[in-house]
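Read through the structure below, which is laid out as structure tokens, and then see the notes.
First listed ligand is number 1; within each ligand, the first listed atom is number 1.
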Amino acid sequence: DMGGHDTYMHKEITEQVDSVDRVLRGRIDDRFSTVHLGGLNLDAREARAVRRVKILGCGTSYHAGLIGAQMIEELARIPADAEPASEFRYRNPVVDPHTLYIAVSQSGETYDALAAVQELKRKGARVLGVVNVVGSAIARETDGGVYVHAGPEVCVVSTKCFTNTVVAFALLALHLGRIRDLSVADGKRIIAGLRKLPEQIAEILRDEEHIAKLAAEYANAKSMMFIGRVRGYPAALEASLKLKEISYIHAEAYPASELKHGPLALIEPAMPTVAIVPDDDLLEKNRAALEEIKARSGRILAVAHREQEKADHTIVVPKNEDELDPILMGIPLQLLAYHTALALGRDIDKPRNLAKSVTVE
Ligand code: M6R
């Protein structure tokens with residue numbers, strides 16, 4: 001049932017006000033400025049002994065993991081990184097007893113992610129899951145984890161589950177942080193930020209008409225460049241994947257700082273850039289990248305916390321705490337991909353060549 005929407009994708013994008021509320025519900029602990037994650041199965045002593053976090057997933061789940069790794073580093077100060085699950089499993093990785101492994105999957109059935117979990121388990125590692133589908137294979141085979149409670153996601157491209165997964169990582173990062181060195185004041189600050197999310201998502205959704213107009217303006221692009229820096233980079237990767245999957249427009253995602261090391265050669269009017277420009281301590285650096293693109297007559301659509309003069313157009317996103325900004329930056333970009341595909345008449349819920357869950361090798 002599409003509940004009055006023309007596609008599941010549109011329904012699922014608009015459901016995010018409620019689905020984000022669901023991943024938060026019942027988990028916030030104001031008394032200790034932390035969160036409770038019932039199924040984690042990792043006590044405080046074990047959490048303190050973790051020396052590294054390695055996050056594994058595929059596609060959009062990998063991108064959510066990249067953001068999760070940054071959140072864990074920032075809030076819990078544990079070195080963390082993410083890697084595509086399939087790459088990990090084919091490179092005979094060193095499995096370290098002090099590393100906490102986390103498998104991320106909407107379906108919980110993605111074969112590459114499941115195989116990585118099984119290989120890790122076989123070698124005695126501690127593996128958690130950040131999973132949407134309750135009781136799925138990855139949920140069953142991990143030692144514990146966090147359910148993301150996005151609800152059923154029907155569209156082949158992931159939207160609400162991506163957002164909820166990132167929020168689940170924020171919860172996990174806060175939890176690990178408060179067991180380690182994150183202060184009460186910072187805990188309170190992050191909790192206040194989390195509580196603002198549903199209303200801020202509603203605000204982004206109210207901007208849909210504007211985003212649809214912009215999409216129509218850029219839909220004739222042959223190819224698109226997505227750039228971001230640090231917190232904005234995984235959002236750029238995810239936005240680029242979304243656009244490719246449903247509009248079939250070729251897209252590249254690069255860290256803004258890498259432009260001058262090669263991809264700047266691609267910039268010309270037929271290749272517009274979508275720039276993710278949060279109001280954080282990298283703002284000036286990001287503005288400099290916009291200037292470089294303008295100097296090569298590139299068109300720029302900025303996703304930012306306020307109008308960017310150097311850009312041709314800006315989608316303004318509400319500001320949250322710096323660490324939580326990546327959660328909201330993704331949402332207008334889902335709408336941008338959606339309206340681009342709609343303008344091009346694509347089969348949005350069932351893009352060619354793709355399946356909802358990839359249960360084969
Ligand atoms: O169910 P999973 O999260 O494990 O799926 C992983 C990928 O196959 C999935 O995210 C894919 O990239 C989607 N089509 C993204 O929109």
Side-chain angles (χ1 to χ4, degrees), residues 7-13 15-16 19 23 55-69 82-89 101-120 127-142 145-169 226 234-249 251 253 330-331 333-338 340-341 346-361:
T7 58
Y8 279 106
M9 184 179 184
H10 192 265
K11 173 173 183 266
E12 288 159 7
I13 290 173
E15 272 170 3
Q16 293 180 97
S19 55
V23 63
I55 302 171
L56 303 166
C58 303
T60 289
S61 288
Y62 161 59
H63 296 156
L66 287 170
I67 300 175
E83 185 178 341
S86 53
E87 285 289 288
F88 177 81
R89 107 185 158 85
Y101 294 87
I102 304 177
V104 189
S105 178
Q106 187 287 126
S107 59
E109 306 290 344
T110 298
Y111 186 76
D112 280 322
L114 180 62
V117 169
Q118 289 166 340
E119 177 70 359
L120 283 164
V127 193
L128 301 182
V130 173
V131 171
N132 190 40
V133 176
V134 176
S136 55
I138 294 174
R140 278 181 278 123
E141 297 213 19
T142 43
V146 187
Y147 277 122
V148 307
H149 296 310
E153 193 179 63
V154 177
C155 179
V156 165
V157 299
S158 184
T159 54
K160 63 173 180 170
C161 192
F162 170 78
T163 305
N164 266 37
T165 302
V166 177
V167 176
F169 271 116
F226 289 81
L237 284 169
E238 174 57 11
S240 152
L241 174 63
K242 243 23 4 140
L243 187 76
K244 285 191 269 260
E245 287 187 292
I246 56 168
S247 76
Y248 316 146
I249 294 177
I331 295 173
L333 294 165
Q334 295 170 353
L335 284 169
L336 185 75
Y338 173 81
T340 305
R346 307 295 192 221
D347 185 356
I348 292 178
D349 282 338
K350 287 197 171 49
R352 68 187 182 201
N353 311 342
L354 301 178
K356 181 67 179 160
S357 64
V358 185
T359 53
V360 293
E361 204 149 341

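Within 4.0 Å of ligand 1, contacts by protein heavy atoms are made from Cys58, Gly59, Thr60, Ser61, Ser105, Gln106, Ser107, Thr110, Val156, Val157, Ser158, Lys242, Glu245.
Under a cutoff of 6.0 Å and an axis angle of 45°, Arg346 and Tyr248 do not form a cation-pi pair.
A side-chain contact (heavy atoms from CB on, under 4.5 Å) with Ile102 is found for exactly one of Val130, Thr142, Leu56, namely Val130. A side chain to side chain donor-acceptor pair (under 3.5 Å) with Ser158 is found for one member of Gln106, Gln334, Glu153 and no other, namely Glu153. Across Asn164, Ile13, Leu333, a single residue satisfies side-chain contact (heavy atoms from CB on, under 4.5 Å) together with Thr159, and that is Ile13.
Under the 4.5 Å side-chain criterion, counting only non-hydrogen atoms from C-beta, Arg89 is not in contact with Glu119.
Residues that satisfy the side-chain hydrogen bond (donor to acceptor under 3.5 Å, both in side chains) test with Glu238, not counting sequence neighbours, are Thr60, His63, Lys242.
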